[in-house]
Amino acid sequence: MLINNSKKIVIKLGSSTVVDNKGKFKKKWVKSLIKDIKKFREKKDLVIVSSGAIALGQNYLKIKKKKIKLEMSQAIASVGQIHLAGEFQKLFDKHKIKTGQILISPDDTEQRRRALNVRRTFDNLFKLKAIPIVNENDTTATAEIKYGDNDRLAARVAQIIGADTLIILSDVDGLYDKSKSRKIIRTVTKIDSNIHAMIDNKKNLYGSGGIITKLDAAKICINAGCHMFIGNGKKNNPINNMIKNKIYTHFIPKISSLDARKKWIISSLNSSGKIYIDQGAAQALEQGKSLLAAGITKIVGIFEKGENILIVDQNDKGLARGLSSFTSSEINKIKGKQSKEIENILGYLSKTEIVHKDDMVKL
Ligand code: GLU
């Protein structure tokens, strides 16, 4: 089985898999997970992405309310995260397995330099033979700059560290189809309208992110060359069970020739803006050329240099994703102009490619 042969695995645990409905950490279940992990840990680098900070914090602080304001949930997460990491640390320690805590914000993964730094920290933890226990940094993340779900966060971490497998343990066996018998979809190779039409949304409404964020996570993995599994985290020894009973949904990645940098570009969470281009520029892009100012007809959004943007044709069809070498206000001044005019218009010497081919991935 593929999981056995993977070298670097990220395991994502949803809140309901690690915290019971009374708000208590599910020690017994986590112990059974550690038993599974112990079997193959010597040969693999492992990462655990665990939710549950807010749920544990609420229980500890005796806050029963379901709807909590963001500022308060940040404070609750701060209390709960210590407990969450502490529980893992105690249980792993019993097996002499070291752990480390990493709290991540979208800036850490969406800015290239910081993403490389994140990767280095993970690599060094692997060298120390410690298992990174990851969660979103809920204590400082505000609504606009928040992942909000750990599915996409786990996928982005998997992509950045070059994991070959992401296992999402949730409260169901996998994706269900729409048939009467509600069969599990065994393999998925593409996240498109077909898969959205095929899945049964009622049955699939699980986890804080629901099915949508799981499919978003799958998209990131498929582009990054990382296998993704959704399996049942309700049963003890969840990984062993998945392997033995073969019940899960497996998202098979594309064979990708993209380098790590381009994989990072294509699986960026959001685009900060859109650049509309004419037919001539679209043809040039198709031939693998850079995007020049002359072919740009319109831009939407405000962005800085180096931000991820979407390049679209006149009908809004996505053609490529890339990092812009110019700010949106600069592009507004030079769009439709010849490259030799740029210096005169801006009043300073700059690059001529708006998005360089090395910073661009065709869709
Ligand atoms: N980061 C949140 C927590 O630990 C959970 C996010 C999620 O459930 O995906 O409570």
Side-chain angles (χ1 to χ4, degrees), residues 1-3 10 12-17 49 51 146-156 158-159 164-234 238 242 245-256 258 263 265-271 274 276 282 286 300 308 310-321 361-363:
M1 157 80 173
L2 204 132
I3 295 175
V10 178
K12 187 258 168 181
L13 313 175
S15 287
S16 67
T17 56
V49 176
S51 308
K146 208 171 155 51
Y147 272 95
D149 67 274
N150 279 356
D151 297 321
R152 290 175 311 144
L153 170 72
R156 199 62 165 139
Q159 178 267 314
D164 32 30
T165 301
L166 164 64
I167 303 172
I168 294 189
L169 293 175
S170 181
D171 48 9
V172 285
D173 291 329
L175 289 188
Y176 296 96
D177 66 15
K178 279 188 164 155
S179 67
K180 266 212 179 110
S181 51
R182 297 239 160 107
K183 282 200 284 296
I184 294 289
I185 303 172
R186 286 296 304 270
T187 52
V188 178
T189 52
K190 214 171 168 190
I191 311 298
D192 53 12
S193 48
N194 282 344
I195 187 80
H196 281 277
M198 234 165 104
I199 55 168
D200 175 0
N201 270 314
K202 266 193 216 96
K203 182 78 186 179
N204 283 310
L205 267 182
Y206 50 81
S208 73
I211 188 59
I212 299 299
T213 58
K214 286 177 182 60
L215 292 182
D216 285 346
K219 227 188 250 174
I220 294 175
C221 287
I222 285 175
N223 280 325
C226 173
H227 292 265
M228 182 178 125
F229 293 86
I230 297 181
N232 199 320
K234 287 277 171 196
M242 278 174 69
N245 303 328
K246 297 190 172 56
I247 300 176
Y248 46 73
T249 300
H250 177 189
F251 297 84
I252 301 171
K254 274 198 237 168
I255 298 175
S256 166
L258 297 178
K263 279 179 183 163
I265 292 174
I266 185 113
S267 44
S268 160
L269 285 189
N270 298 306
S271 300
K274 254 193 222 177
Y276 287 81
E286 190 50 46
V300 171
N308 193 295
L310 190 64
I311 302 172
V312 297
D313 69 9
Q314 299 303 307
N315 302 321
D316 230 352
K317 182 174 164 238
L319 301 174
R321 259 175 181 241
V361 190
K362 279 187 276 176
L363 299 177

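Given the structure is predicted, the values throughout are model-derived calculations rather than measurements.
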* Regarding Arg186 and the six-membered ring of Tyr248, is the cationic atom NZ or CZ under 6.0 Å from the ring centre and inside 45° of its axis? -> yes
* Ion pair present between Asp151 and Lys12, side-chain N to carboxylate O less than 4.0 angstrom? -> yes
* To do: Apply side chain to side chain donor-acceptor pair (under 3.5 Å) to the pair Ser267 and Asn223, showing each step before the final yes or no.
  => CA-CA 7 Å; Ser267 44; Asn223 280 325; over 6 Å; no
* For Asp173, the option from Ile230, Ile247, Asn245 that meets side-chain contact (heavy atoms from CB on, under 4.5 Å) -> Ile247
* Asked: What closest approach, in Å, do Leu319 and Val312 show between heavy atoms, and which atom pair accounts for it?
  -> CD1-C, 4.0 Å
* Are Ile222 and Ile191 side-chain neighbours, meaning at least one heavy-atom pair lies under 4.5 Å? -> yes
* Who pairs with Gln314 by side-chain hydrogen bond (donor to acceptor under 3.5 Å, both in side chains), at least two apart in sequence or on another chain? -> Thr297
* To do: Go through Leu166 and Phe229 one step at a time and tell me if the side chain to side chain contact (heavy atoms under 4.5 Å, CB included) criterion holds.
  => CA-CA 6 Å; Leu166 164 64; Phe229 293 86; over 6 Å; no
* Asked: Below 4.5 Å, heavy atoms only, C-beta onward: do Leu169 and Met242 meet side chain to side chain?
  -> yes
* **Counterpart residues, ring-ring contact (aromatic ring centres under 6.0 Å, His included), relative to His227 (two or more places apart)** => His250
* **Distance (rounded to the nearest 0.5 Å) between Ser16 OG and Leu13 CG** => 10.0 Å
* Asked: Can you tell me if Asp313 uses its side chain to pair, donor with acceptor, with the backbone of Asn315 under 3.5 Å?
  -> yes
* Report yes if the side chains of Ile168 and Phe251 come closer than 4.5 Å at any heavy-atom pair, otherwise no. => no
* Asked: Can you name the side-chain hydrogen bond (donor to acceptor under 3.5 Å, both in side chains) partners of Arg152, sequence neighbours left out?
  -> Asp149
* Asked: Do you know the tightest heavy-atom contact between Ser268 and Arg321?
  -> O-NH1, 3.1 Å
* **Partner residues of Lys263 under the salt bridge (charged side-chain N to carboxylate O under 4.0 Å, His left out) criterion, sequence neighbours left out** => none
* Does the Ser15 side chain pair with the main chain of Ser51, one donor and one acceptor, at a distance under 3.5 Å? -> no
* Drop me the distance from Asp216's CG to Tyr147's OH, to the nearest 0.5 angstrom. => 11.5 Å
* With sequence neighbours left out, write down each residue that passes salt bridge (charged side-chain N to carboxylate O under 4.0 Å, His left out) with Asp164, or none if nothing qualifies. => none
* Asked: If you take all heavy atoms of Met228 and Lys214, which pair is closest and at what distance?
  -> CE-O, 3.4 Å
* Of all residues at least two apart in sequence or in a different chain, which pass the side-chain hydrogen bond (donor to acceptor under 3.5 Å, both in side chains) check with Lys234? -> none
* **Where Asp171 and Asn232 come nearest, the two heavy atoms and their spacing** => C-OD1, 4.3 Å
